[in-house]
Structure formats: structure tokens, C-alpha cells
Amino acid sequence: MLTMAPKGTRDILPDEIYKWYYVEEKFREVANRFGFREIRIPVFEHTELFQRGVGDTTDIVQKEMYTFNDKGGRSITLRPEGTAGVVRSYIQNGMSSWPQPVKLFYNITAYRYENVQKGRYREFHQFGVELFGSADPGADAEVISLLHLYFNELGIKNLKLNINSIGCPVCREKYNKILKEYLGIRLGKLCETCRDRFNRNPMRILDCKIESCKNELVNAPALLDHICEDCAMHFDKVREKLITMDIPFSIDKGIVRGLDYYTRTVFEFVSENIGSQGTVCGGGRYDGLVEACGGSPTPGIGFGLGIERLLLEMDSQNIEVPLPEGPDIFIGFIGEKAEKLAESIALKLRTAGIPCEKDIMGRSVKSQMKYANKINARFAIILGDSEVESGKAELKNMSTGETKDIHIDTIVDRLLKYKQGNKNE
RNA sequence: GUGGGUGUAGCUCAGUUGGUUAGAGCGCCAGAUUGUGGCUCUGGAGGCCGUGGGUUCGAUUCCCACCAUUCACCCCA
């Protein structure tokens with residue numbers, strides 16, 4: 001137990017971190033291109049923020065939060081997602097008086113107490129984007145196109161984009177009446193949980209996976225067919241824009257975001273290759289959220305993108321990420337005088353910005369060379385008494401095996417030139 | 001919370017029809033004439049065979065429980 005990471009958490013080791021750097025840098029870069037700026041928010045917030053911002057009736061709040069009292073008696077919760085914290089920050093920092101729209105992105109860990117399975121962990125990583133201040137369908141399209149571009153540039157194929165509209169509170173209320181009429185007559189045939197949902201959140205019944213319930217629901221009215229005129233027009237425009245931008249999508253009337261404050265557009269990017277938790281990215285519009293959290297009415301839209309799932313998908317598609325490079329040079333030595341020389345050269349190289357390693361294991365020359373090979377050093381040099389005396393040494397190119405006699409004083413210059421692209425040096 | 005699979009070396013996995021010192025490949029460390037890697041060869045380190053209990057003369061092997069892990073349900077990233 002002492003030597004085991006807690007359930008649902010894991011280490012990201014040096015051998016795989018380059019993949020993380022790669023997708024992180026790409027995400028920052030693409031988000032910046034769209035004018036989104038990075039925000040960093042706390043890992044924990046007041047519990048009530050999530051109760052409000054995520055919604056009291058959701059599974060997340062009801063059973064998945066890491067909640068505890070701090071020593072001051074405050075109820076604190078580790079963030080189960082990113083949106084609520086960003087919304088809080090938007091309000092707290094008066095972002096409504098920033099130039100509009102406010103476009104933010106983030107790279108966070110999040111925490112949910114759930115059973116672990118493929119692509120689902122208790123501590124997981126998300127990229128996200130939140131766009132405040134625009135109710136325009138263009139904002140929806142922009143956020144979705146950001147994702148489309150991002151996946152494209154990573155080389156990911158075949159992620160399926162599903163979109164839907166769940167209307168506004170007004171149309172949802174109307175729809176709920178219609179749905180309840182439909183369900184009311186069939187209530188007896190539904191499972192226990194569904195009967196429970198009937199009063200609390202009838203829309204969730206449509207999500208039920210139990211066969212007998214599904215059978216009763218085949219002809220159930222879909223929310224999309226009952227949204228009001230404004231919402232329908234909004235949805236039409238979003239679709240038009242996606243078509244104009246050549247972004248393929250399907251309409252999935254079944255997407256019903258569990259989070260309470262979602263309005264109008266909801267969407268997800270789904271994979272079929274990474275197990276049953278195939279949603280790589282989920283998002284939508286939340287025009288009521290800022291107000292619900294205590295701010296003035298502000299439209300918003302955003303998404304969360306699961307990094308673990310993204311990486312699983314990239315693996316399943318055999319997408320190659322450029323491997324990290326080894327140090328430019330390994331400095332080996334034998335003897336005390338040579339060691340001092342090696343130390344001073346290593347410091348000069350490092351000061352000049354040249355990655356280099358020097359033996360600190362007291363190994364034989366042969367073993368030092370083996371090590372230089374394992375760490376994928378570009379060059380190696382071995383210093384001994386004769387090198388100390390003559391000021392010259394053999395610089396060995398580790399990939400070709402060629403050696404060149406050089407003056408030790410010139411080593412920094414030579415490697416700098418090499419790095420500047422003069423690979424012939 | 002529920003159900004199935006799996007726990008033997010750092011990793012991937014053999015194996016013992018229950019019987020003394022538990023194996024391979026990879027990885028790690030070192031050596032193959034004295035100061036030069038990759039290939040090859042040799043050697044070495046490293047296992048309470050997940051934990052606890054039961055059956056037995058004897059358990060890593062059979063049984064039970066627990067724990068961990070994994071996949072799935074629910075839900076979500």
C-alpha cells in the first residue's frame with residue numbers, strides 16, 4: 001500500500017512524458033491561434049461552487065466528489081471538472097468588463113470518485129476552453145472548429161462529431177410536459193430508477209440502457225423536435241456554419257448533458273477504438289451558468305477534452321509522436337585531471353545552452369560509452385591525461401562512429417554551429 | 001455501488017498432476033588483455049510466487065476471505 005499509487009491515479013513517467021508535451025504544446029498553440037488565452041485555476045474550490053455550477057442532481061455532485069473539511073471547517077472539494085472554476089474566476093475577476101468575448105483555455109487535472117476502467121481514472125487530465133459573452137452561433141462553430149483543427153493537426157482520423165440542441169429552459173419545460181405525458185402512461189413498465197427519474201429529471205430516462213425501458217421509449221418524443229423557434233434557428237445556423245467549414249457531424253438526439261445548466265448546443269467527439277469510455281471530448285453551451293453562480297446573465301460555451309483518452313486514441317491509430325532527443329554530447333573521462341577538465345567543459349556547454357552529460361558514476365571508459373549510447377547522445381568525447389596535456393581530443397559522432405580531432409577550447413563553438421543546422425560539423 | 005478476468009523478478013510471461021536450492025526473454029550492473037558504444041558471448045544482482053487463514057506430513061500450486069489490478073454496467077473526459 002505504501003508503495004502503490006492510490007486507486008485511479010498513476011504516474012506519468014519520463015519515457016512517456018514527451019507525448020504529453022506534444023499534445024499540450026499543440027493544444028496551446030491551436031488555442032492561441034483562435035485567440036484563447038490560458039487560465040490556471042485552483043485544484044480545489046468551495047464545495048458549493050460545484051453544487052451550483054455542476055448541478056445538485058448530477059451523479060458528479062451526488063456521488064463522485066472528493067469533498068472534505070479543511071482545518072478551518074470549510075467544505076472543500078477537488079474540482080471534478082474545469083468549467084465551474086473558470087466561471088467563478090470570471091465573476092470574481094470582473095471579466096465581464098474585459099473586451100468581449102472572453103476566451104479562455106486551460107490544462108488541468110480533475111478528480112472524480114468513480115470505479116476505474118479503461119480511459120477513466122479518478123485523477124484525470126483535461127484540456128478545456130470556455131468562451132464567455134457571445135450567444136452567437138458563430139461562437140459555437142468557432143469552439144467546435146478549434147477542436148476539429150486540433151484533432152486534424154494531431155493526425156487523428158475518424159473521431160465522430162455528434163451534436164444536438166437541448167433548447168433553453170423555456171422549451172425544456174414545455175418538452176418535459178410532453179415527455180411526462182408520454183411516459184406517464186408507461187410508467188408501470190419502466191425500471192425502478194426510471195420511475196425515480198420521472199419526477200426529478202425525466203429527460204434522463206431517455207438515457208436508460210435497460211432493454212425493457214428502451215423498448216418503451218422507441219417512439220418517445222425527442223427534445224430536438226420540440227425546441228422553440230429561437231433555439232431551432234440557433235441550431236440551424238450552427239449546422240450551416242459547420243457545413244460551410246467542411247466539418248462533418250451527425251445529429252444525435254440522444255445527447256442529453258447531465259449537467260443542469262447546459263442550453264442549446266451540446267456536442268461530443270467520440271471514438272470507437274478506446275473501449276466503452278469513448279467520449280474524447282464533450283461540450284456545449286451554458287447560457288444560464290454564470291448567472292446561476294452569482295454573476296450577471298452571460299452566455300457561454302466550452303468543452304472538456306480528456307487527455308488520457310486522447311492519448312489512447314492516438315495510440316490506437318498508431319500516430320507517431322517525435323521522440324525526444326538525447327543530449328548533444330556525453331563527456332567521458334579517466335583520471336583526476338581529466339575529471340576537472342570534464343567538469344569545466346560540461347558547465348561551459350550547459351551555460352551555452354547545450355544539453356550535455358558527464359560521467360558521475362566513476363565508470364570505466366567502456367561503460368561510459370555504453371551509457372552515452374543508451375542516452376542517445378549525439379557526440380561523445382573521452383578525456384584523459386594526454387588530452388589534458390595536448391588540449392586536443394577526439395569528438396565522436398555516435399550515429400556514424402566517425403571521430404574528428406578537435407581543440408578542446410573550440411568544443412562549445414562547434415556544437416553551437418552544429419545545433420544551428422550546420423550538421424556537417 | 002454491482003458483475004467478470006487477473007495477481008510469480010523492474011517489464012512481458014512460463015512453471016510446479018502439491019515434494020528439497022522457482023525459470024525464460026527483455027531491462028539493469030559488470031567482464032571479454034591494460035582509454036571508446038551499438039552486434040555477439042560470459043557472469044552477476046534482483047522474487048516472503050499479492051496478503052491472511054484453511055486442508056495437508058508438506059502449499060507458490062488446492063479451498064476461503066481480503067486487498068490490488070483490469071474490463072464491463074451506471075455515468076462521464
Side-chain angles (χ1 to χ4, degrees), chain A residues 1-10 13 15 54-55 57-64 79-83 107-128 147 191 193-194 197 204 207-211 255-259 266 268-271 274-283 302-313 326 330-335 338 359 361-388 393-403:
Chain A
M1 201 86 331
L2 185 64
T3 54
M4 292 279 278
K7 190 189 194 76
T9 68
R10 51 182 206 163
L13 301 173
D15 279 348
V54 178
T57 64
T58 60
D59 279 9
I60 293 177
V61 170
Q62 286 186 347
K63 51 184 196 188
E64 296 175 359
R79 60 186 174 207
E81 50 102 55
T83 304
N107 174 11
I108 59 167
T109 53
Y111 305 84
R112 292 184 201 170
Y113 189 85
E114 298 183 90
N115 261 349
V116 175
Q117 82 192 64
K118 187 170 187 184
R120 184 167 68 196
Y121 308 94
R122 289 182 175 180
E123 178 185 63
F124 60 103
H125 297 73
Q126 275 190 339
F127 296 138
L147 285 162
C191 71
T193 18
C194 281
R197 287 165 176 155
R204 295 276 291 282
D207 257 354
C208 191
K209 301 293 189 293
I210 294 171
E211 208 54 42
I255 306 178
V256 185
R257 281 268 103 86
L259 313 178
V266 291
E268 53 192 29
F269 282 83
V270 185
S271 159
I274 58 172
S276 74
Q277 304 303 323
T279 307
V280 172
C281 173
F303 64 77
L305 191 166
I307 303 178
E308 285 85 357
R309 291 179 189 178
L310 176 72
L311 292 171
L312 278 175
E313 178 64 18
F330 174 84
I331 303 175
F333 61 85
I334 180 167
D359 179 66
M361 292 291 287
R363 287 202 251 240
S364 69
V365 169
K366 188 192 191 82
S367 292
Q368 291 184 46
M369 289 303 290
K370 280 189 180 176
Y371 179 74
N373 185 55
K374 274 182 232 174
I375 62 175
N376 207 15
R378 229 182 272 283
F379 293 98
I381 193 167
I382 299 287
L383 306 176
D385 287 343
S386 59
E387 283 80 5
V388 172
E394 278 187 353
L395 184 68
K396 183 168 192 172
N397 182 318
M398 293 296 285
S399 51
T400 64
E402 290 170 327
T403 60

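Naming: A, B, ... by sequence-line order, numbering from 1 per chain.
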Base-pairing mate for [N] - Watson-Crick or G-U, with both contacts under 3.5 Å:
{"N": "U20(B)", "result": "none"}
{"N": "C28(B)", "result": "G44(B)"}
{"N": "C73(B)", "result": "G1(B)"}
{"N": "C66(B)", "result": "G50(B)"}

Between [N] and [M], how far is it from one [atom1] atom to the other, in whole Å?
{"N": "C41(B)", "M": "G35(B)", "atom1": "P", "result": "26 Å"}
{"N": "C64(B)", "M": "U17(B)", "atom1": "C1'", "result": "22 Å"}
{"N": "G53(B)", "M": "U60(B)", "atom1": "C1'", "result": "16 Å"}
{"N": "C26(B)", "M": "U42(B)", "atom1": "P", "result": "11 Å"}
{"N": "G1(B)", "M": "C13(B)", "atom1": "P", "result": "29 Å"}
{"N": "U6(B)", "M": "G10(B)", "atom1": "P", "result": "23 Å"}
{"N": "A9(B)", "M": "G47(B)", "atom1": "P", "result": "10 Å"}
{"N": "U34(B)", "M": "U21(B)", "atom1": "C1'", "result": "38 Å"}

Less than 4.5 Å apart, side chain to side chain, heavy atoms only: is that true for Val280(A) and Val270(A)?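 No, every pair of side-chain atoms sits at 4.5 Å or beyond.
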
Do the side chain of [X] and the base of [N] come within less than 3.5 angstrom through a donor-acceptor pair of N or O atoms?
{"X": "Lys396(A)", "N": "G37(B)", "value": "yes"}
{"X": "Ser386(A)", "N": "G35(B)", "value": "yes"}
{"X": "Asn373(A)", "N": "G38(B)", "value": "no"}

Lys/Arg cation over aromatic Tyr111(A): Arg79(A), 6.0 Å, 45° cone: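 No, cation not above the ring by the 6.0 Å, 45° rule.
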
Would Arg10(A) and Tyr121(A) count as a cation-pi pair here, with the cationic atom under 6.0 angstrom from the ring centre and within 45° of the axis? yes

Given atom [atom1] of [X] and atom [atom2] of [N], what is their separation to the nearest angstrom?
{"X": "Gln277(A)", "N": "U70(B)", "atom1": "CD", "atom2": "C1'", "answer": "14 Å"}
{"X": "Ile382(A)", "N": "G37(B)", "atom1": "CD1", "atom2": "P", "answer": "10 Å"}
{"X": "Ile381(A)", "N": "G37(B)", "atom1": "CD1", "atom2": "P", "answer": "16 Å"}
{"X": "Tyr111(A)", "N": "A77(B)", "atom1": "OH", "atom2": "C1'", "answer": "14 Å"}
{"X": "Lys370(A)", "N": "C28(B)", "atom1": "NZ", "atom2": "P", "answer": "10 Å"}
{"X": "Arg122(A)", "N": "G1(B)", "atom1": "CZ", "atom2": "P", "answer": "8 Å"}
{"X": "Leu305(A)", "N": "A77(B)", "atom1": "CG", "atom2": "P", "answer": "11 Å"}
{"X": "Tyr121(A)", "N": "U69(B)", "atom1": "OH", "atom2": "C1'", "answer": "12 Å"}

Under 4.0 Å between any heavy atoms, over every strand shown, what does [X] touch: base, sugar-phosphate, or nothing? Just pick one.
{"X": "Glu114(A)", "answer": "base"}
{"X": "Gly128(A)", "answer": "nothing"}
{"X": "Gly401(A)", "answer": "base"}
{"X": "Gly384(A)", "answer": "base"}

If you compare all heavy atoms of Phe330(A) against all heavy atoms of Ile375(A), which two are closest, and at what distance to 0.1 Å? CD1-CD1, 4.3 Å

If you assign each of Asp385(A) and Ile307(A) to its closest nucleotide in RNA chain B, which residue comes earlier from the 5' end?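 Per heavy-atom nearest nucleotide, the more 5' residue is Asp385(A).
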
Most 5' of Phe269(A) and Gly275(A) on RNA chain B, judged by nearest nucleotide: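 Final value for this comparison: Gly275(A).
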
From the options [options], select the nucleotide whose nearest atom is closest to the side chain of [X].
{"X": "Ser276(A)", "options": "G37(B), C29(B), A72(B)", "answer": "A72(B)"}
{"X": "Ser364(A)", "options": "G37(B), G31(B), A30(B)", "answer": "G31(B)"}
{"X": "Met4(A)", "options": "A30(B), A77(B), A68(B)", "answer": "A68(B)"}
{"X": "Lys118(A)", "options": "G37(B), U70(B), A72(B)", "answer": "A72(B)"}
{"X": "Glu387(A)", "options": "G35(B), C71(B), U36(B)", "answer": "G35(B)"}
{"X": "Gln117(A)", "options": "A77(B), C73(B), U69(B)", "answer": "C73(B)"}
{"X": "Asn115(A)", "options": "U36(B), C28(B), A72(B)", "answer": "A72(B)"}

Do side-chain atoms of [X] reach the backbone of [Y] as a donor and acceptor pair under 3.5 angstrom?
{"X": "Arg122(A)", "Y": "Glu114(A)", "answer": "yes"}
{"X": "Thr279(A)", "Y": "Cys281(A)", "answer": "no"}
{"X": "Arg120(A)", "Y": "Asn115(A)", "answer": "yes"}

[X] side-chain N/O to [N] phosphate OP1/OP2 under 4.0 Å:
{"X": "Ser367(A)", "N": "U36(B)", "answer": "no"}
{"X": "Arg363(A)", "N": "A30(B)", "answer": "yes"}
{"X": "Lys374(A)", "N": "C29(B)", "answer": "yes"}
{"X": "Lys7(A)", "N": "U69(B)", "answer": "yes"}

Going by side-chain contact (heavy atoms from CB on, under 4.5 Å), His125(A) matches just one of Ile108(A), Ile307(A), Leu305(A). Which one?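 Answer to the side-chain contact (heavy atoms from CB on, under 4.5 Å) test with His125(A) among Ile108(A), Ile307(A), Leu305(A): Ile307(A).
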
Can you check whether Tyr371(A) stacks with the G37(B) base, using ring centres under 5.5 Å and planes within 30°?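 Check failed, Tyr371(A) does not stack on base of G37(B).
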
Under a 3.5 Å threshold, yes or no: a donor from one side chain and an acceptor from the other, between Glu123(A) and Thr9(A)? no

